[in-house]
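The shown structure was predicted, so the numbers you read here are calculated from the model rather than taken from an experiment. The sequence lines fix the lettering, A, B, ..., with proteins before strands; numbering per chain opens at 1.
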2 protein chains.
Amino acid sequence: MTAERAYHHGDLRRAVLTAALDVIAAEGPAALSLRDLARRAGVSHAAPAHHFGDRAGLLTAVAAEGHALLSDALGESEDLRDLGVRYVRFAREHPAHFQVMFRPELLRMDDSGLLAARERTGDLLRRAVADHGDDPALGFMAAWSMAHGFATLLLSHNLDGLLEGREPEEVFRALAQEMPRLAGD
Amino acid sequence: MTAERAYHHGDLRRAVLTAALDVIAAEGPAALSLRDLARRAGVSHAAPAHHFGDRAGLLTAVAAEGHALLSDALGESEDLRDLGVRYVRFAREHPAHFQVMFRPELLRMDDSGLLAARERTGDLLRRAVADHGDDPALGFMAAWSMAHGFATLLLSHNLDGLLEGREPEEVFRALAQEMPRLAGD
DNA sequence: CTAGTATCTTGTCAATGCCTAGATTGCGCT
DNA sequence: AGCGCAATCTAGGCATTGACAAGATACTAG
């Protein structure tokens, strides 16, 4: 939109990134082809490589952006249930980012941008659960497993038959409420 | 081992499947190449296709086998925590199967063998949580999210820094114990 | 306006998935 | 025992892809 035909394309980096998000959201990261993205952006087949290096570089950029978006989405809430709901909402609103962020085999884990973005969300989550329970690490893993598992199963359509039309975020809230009763049995 | 040089290879199907599990466990499903598997088995590049049709067919076979193994691993326990621990143990012992089983975009979801195997584990899990809590579906999703999230984060090395050498299964058990305290806050 | 840099294009190569046709092996049937 | 048939595997080919190298074009600092 900023420059439909600016030669040098105006903002190829953004265009490729956006196209990549579309593809990943629709068909998963495995279906992503640099040449296809180049075609969508109307540039030559090797143009994307200049911005991202290679496939892993592109996915790393997606993951880093994802961590930044997740930090913003989580905010500074103290309530664990709210945090979980926001985590799930993030996964729904940015499915492509979410599907890539936690898959080291797809990423350049030594990338400085990725590491910085990851550190920020990590800090944020750790701080949020720090004062819950005896063992902060346990609490952290419990809350994260819960939210991450729900989000993962949701995006991979493994909960489709169980939601029965209810809003996922609300189901997750109810489910976090139900948890103590289950565990207490 | 059954037939090292049996022409027609003896059991190519099993050999390819096993090689595929190695590759997936080491580098993920994305790194899987039919031609590479053929080389490992010492057969021509197109031989695997005869047994699995194509890449998706091979992954579908892996997923179906995974569901069968999971059914066996879960057993008939009534205790939700035990069930969760077994789910996590299964993920650790069969990481390649686990990484493929819940990814519809990699599979032929209309494959009859896969559907049957899936149905069996589904029934088993549903039965196990049926009598816990008001809403069985909620309880099902809660327990599954917890175990699946933990297993997923574990296999993707996202918990490496938090386990501090402890056995994952034991951490999960403690974590399930911690849950009510977290939720109750 | 010029030099230098970022951006993009073109061409190439090896590897892969998938398809087709053909060869080899093993098995059932008479 | 031998014939035919089906399963299994081989060989070759094609389109697509990721990665690399060399060169062209547009922007920008001085």
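- Distance, A:His50 NE2 to D:dA21 P: 14 Å, rounded to whole Å.
- Distances from the side chain of B:Asp54 to the nucleotides D:dT17, C:dG17, C:dC18 place C:dC18 closest.
- Counting non-hydrogen atoms under 4.0 angstrom, B:Arg35 reaches a base of the nucleic acid.
- Between A:His94 and A:Phe90, the ring planes lie tilted relative to each other; the angle falls in the 30° to 60° range.
- Across all non-hydrogen atoms, the minimal contact from A:Pro168 to A:Leu154 is CB-CD2, 3.7 Å.
- Nucleic acid contact for B:His51: sugar-phosphate only, since backbone atoms but no base atoms lie under 4.0 Å from a heavy atom of the residue.
- At D:dA11, none of the side-chain N or O atoms of B:Ser44 fall inside 4.0 Å of OP1 or OP2 (strictly under the cut-off).
- Within the 4.0 angstrom heavy-atom criterion, only backbone atoms of the sugar-phosphate kind lie near B:Leu32; the bases stay farther away.
- Proximity of A:Ser33 to the phosphate of D:dG18: a side-chain N or O atom is located under 4.0 Å from OP1 or OP2.
- Relative to the side chain of B:Leu12, the nucleotides D:dA19, D:dC9, C:dC8 differ in distance, and D:dC9 lies closest.
- Ion pair B:Asp54/B:Arg108 flagged as a salt bridge, since at least one NZ, NE, NH1 or NH2 atom sits closer than 4.0 Å to an Asp/Glu carboxylate oxygen.
- Nucleic acid contact class of A:Arg39 (heavy atoms, under 4.0 Å, all strands): sugar-phosphate only.
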